[in-house]
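Below is one structure, written out as structure tokens; the observations come after it.
In this text the structure is predicted, and so the values were computed from the model without any measurement.
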Amino acid sequence: MQYLKDEVKQRILESALAEFSSMGYTDASMRKIAKNAKVALGKAILKLNKMIGQALVVVSQKKQQCLSYHG
């Protein structure tokens, strides 16, 4: 079932990218993202928030590595 989870995550990510690209961050619609990803609104919000949180952790870690290397 991991394959299905990965597929859903990928659909949400692609839908979010398309929505943010066309509408901008402040005008993007989570309802549209969920609809285009063919998932429930709550699932889209939870998955997208988790992905954004993970991305922020990675960026923060890379920033610290750069600062310690160049600092």
Backbone N/O of Ser29 and side chain of Glu19: donor-acceptor pair under 3.5 Å: yes

Residue pairs passing the ring-ring contact (aromatic ring centres under 6.0 Å, His included) test where at least one lies in residues 38-66, sequence neighbours excluded: none

Any pair counted as ring-ring contact (aromatic ring centres under 6.0 Å, His included), so long as it reaches residues 22-48, sequence neighbours left out: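 Listed once each, the pairs are Phe20-Tyr25.
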
Which residues share a side chain to side chain contact (heavy atoms under 4.5 Å, CB included) with Ala18, sequence neighbours left out: none

For Lys62, side chain to side chain contact (heavy atoms under 4.5 Å, CB included) partners two or more places apart: Val58, Gln65

Side-chain donor-acceptor distances from residues 38-55 under 3.5 Å, at least two apart:
{"unit_1": "Asn49", "atom_1": "ND2", "unit_2": "Ile45", "atom_2": "O", "d": "3.3"}

Can I get a per-line list of side-chain donor-acceptor pairs under 3.5 Å for residues 8-15, giving both atom names and the distance, sequence neighbours left out?
{"unit_1": "Gln10", "atom_1": "NE2", "unit_2": "Glu14", "atom_2": "OE2", "d": "2.9"}
{"unit_1": "Arg11", "atom_1": "NE", "unit_2": "Ala37", "atom_2": "O", "d": "2.7"}
{"unit_1": "Arg11", "atom_1": "NH1", "unit_2": "Glu7", "atom_2": "OE2", "d": "3.1"}
{"unit_1": "Arg11", "atom_1": "NH2", "unit_2": "Ala37", "atom_2": "O", "d": "3.2"}
{"unit_1": "Ser15", "atom_1": "OG", "unit_2": "Ile33", "atom_2": "O", "d": "2.8"}

